[in-house]
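Quantities reported herein were computed from a predicted structural model and do not represent experimental measurements.
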Amino acid sequence: MAVDLYSANTNPEVQEFQRVELSCVIKHTNTDNPRVEWKKIRNGDISYVFFDNIIQGDLKNRAEIKGGISLVIFNASRTDTGRYRCEVAAAEDQKRFSEITINLTVTVKPVVPQCKVPKSVPVGKSAVMHCQEKEGYPSSVYRWYRNGDPLPDDSKSNPKFLNSSFMQNISSGTLVLGSVNKGDIGQYYCIASNAAGSARCEAQLLEVYDINIGGIIGGILVVVLVLVLITVGICCAYRKGYFANSSRSNGQSYKNPSKTDGVNYLRTSDEGDFRHKSSFVI
């Protein structure tokens, strides 16, 4: 005879901080006290969970063995997600070893997502909205709402939104409005959800306004007119010689008077002026 195992649930799911049982039952054995071990496999690493009749690792003080073989985890954490292997060695059986693998998923409820909605967009322009949260496990999917109505992935797929042009990505949480019109005005919010629950952000108002083409053209004409007037004024000033007279007056330099022939000047140490050294020479 051979030792044989089975599990009531090989893919259990539990919300974070809840209790979960990893079922492992000996279906048949001839050995009175078979050796039982539990191992955890996560990201390619193997670690002991139950060895030599003692709970090991990070499950110590929050797990126990039930019925001599099943593993019960209290207060499950997101780090407990992984594959667990129940191994039984029965020395008196013809087939002395058997194992079974259980895939545990600890789900985490999403937190309130961060939503970014532009406050105002001109008619005909595009707009992008973002919704994201990083706590939920498995990863959240996102759904945008406008004035309480859920938006489809593509506006063309629903007759109710034929006057709008948008697409949303439920994996990334991005909503792209292709060509905004007045029908896109409204309160937008996003809901992030997964197997553990959902959470939504506060609604934000998107406004759409018309571009004032006449005002823009008028402003450009005013600027051009001002530049023309400034140019004409400068030309007139040059013609009347205002800039030329100013440059002449500013260009004059002071010239020291030349010495009179036959007169030598001597600067004394006591006086600051020049005095005659000799008389005129005739």
Side-chain angles (χ1 to χ4, degrees), residues 11-20 42-43 75-82 104-223:
N11 295 285
E13 281 192 9
V14 63
Q15 289 193 21
E16 193 175 28
F17 310 125
Q18 301 298 314
R19 175 186 180 276
V20 62
R42 181 181 174 92
N43 298 326
N75 194 25
S77 168
R78 67 188 68 188
T79 58
D80 294 333
T81 295
L104 172 64
T105 301
V106 180
T107 60
V108 181
K109 182 180 178 180
V111 297
V112 175
Q114 294 183 351
C115 298
K116 296 181 180 179
V117 178
K119 294 182 179 181
S120 59
V121 180
V123 171
K125 297 295 183 178
S126 62
V128 181
M129 304 181 189
H130 300 278
C131 178
Q132 193 70 41
E133 72 85 29
K134 298 182 179 180
E135 293 296 322
Y137 186 86
S139 298
S140 297
V141 294
Y142 305 93
R143 179 67 62 186
W144 279 95
Y145 291 74
R146 182 175 70 194
N147 298 328
D149 296 326
L151 299 180
D153 296 345
D154 189 342
S155 58
K156 298 178 182 179
S157 63
N158 191 329
K160 184 177 181 180
F161 301 98
L162 288 180
N163 293 329
S164 298
S165 176
F166 62 79
M167 293 186 67
Q168 69 171 323
N169 188 321
I170 63 174
S171 299
S172 64
T174 302
L175 175 65
V176 179
L177 304 180
S179 181
V180 175
N181 59 58
K182 290 299 183 69
D184 294 320
I185 296 175
Q187 297 282 346
Y188 288 80
Y189 64 88
C190 169
I191 295 181
S193 60
N194 63 10
S198 62
R200 57 162 285 182
C201 62
E202 292 294 329
Q204 300 179 45
L205 176 63
L206 171 68
E207 296 182 344
V208 179
Y209 61 91
D210 293 315
I211 299 178
N212 189 355
I213 303 297
I216 295 175
I217 295 176
I220 294 174
L221 292 177
V222 169
V223 172

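Minimum heavy-atom separation, Asp154 to Ser157: O-OG, 2.6 Å. Here the closest non-hydrogen pair linking Ala127 and Val121 is CB-CG2, 3.8 Å. Between Val180 and Pro122, the shortest heavy-atom distance links the atoms CB-O, 4.2 Å.
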Practice problem: Please lay out, stage by stage, how Leu151 and Lys160 fare under the test side-chain contact (heavy atoms from CB on, under 4.5 Å). | Solution: CA-CA 10 Å; Leu151 299 180; Lys160 184 177 181 180; over 6 Å; no
Quiz prompt | CA sep, side-chain torsions, deciding dist, call: Arg78, Tyr137, side-chain contact (heavy atoms from CB on, under 4.5 Å) | solution = CA-CA 8 Å; Arg78 67 188 68 188; Tyr137 186 86; 5.6 Å; no
Practice problem: Start with the C-alpha distance between Leu177 and Met129, add both sets of side-chain angles, then the distance that settles side-chain contact (heavy atoms from CB on, under 4.5 Å), and finish with yes or no. | Solution: CA-CA 8 Å; Leu177 304 180; Met129 304 181 189; 3.9 Å; yes
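Atom CZ in Arg143 sits 10.0 Å away from atom CD1 in Ile191 (nearest 0.5 Å). Here CH2 of Trp144 is found 9.0 Å from OG1 of Thr174. Values are rounded to the nearest 0.5 Å. How far CG of Asn169 is from NE2 of His130: 11.5 Å, rounded to the nearest 0.5 Å. Rounding to the nearest 0.5 Å places OH of Tyr142 at 11.0 Å from CD1 of Ile170. To the nearest 0.5 Å, atom NZ of residue Lys125 and atom OH of residue Tyr209 are 9.0 Å apart.
Of the options Glu133, Gln132, Glu135, Lys109, a side chain to side chain donor-acceptor pair (under 3.5 Å) to Ser140 is made by Glu133 and by none of the others.
Sorted by first and then second residue, the side chain to side chain donor-acceptor pair (under 3.5 Å) pairs involving residues 175-201 (not counting sequence neighbours) are Arg146-Asp184, Arg146-Tyr188, Ser164-Asp184, Lys182-Asp210. Sorted by first and then second residue, the disulfide (SG to SG under 2.5 Å) pairs involving residues 164-203 (not counting sequence neighbours) are Cys115-Cys201, Cys131-Cys190.
Counting heavy-atom neighbours within 6.0 Å of Asp149 CG, excluding the residue itself, gives a total above 12.
A 4.5 Å side-chain heavy-atom check between Phe166 and Pro152 finds at least one atom pair inside the cut-off. Inter-residue side-chain proximity for Met167 and Lys156 is flagged as unmet; no heavy-atom pair is nearer than 4.5 Å. Considering only heavy atoms from C-beta on, Asp80 stays 4.5 Å or farther from Arg42 through its side chain. Under the 4.5 Å side-chain criterion, counting only non-hydrogen atoms from C-beta, Pro118 is in contact with Leu206. Contact annotation: the side chain of Val14 approaches that of Leu104 to within less than 4.5 Å [non-hydrogen atoms, C-beta and beyond].
For Ser77, the side-chain hydrogen bond (donor to acceptor under 3.5 Å, both in side chains) partners are Thr79, not counting sequence neighbours.
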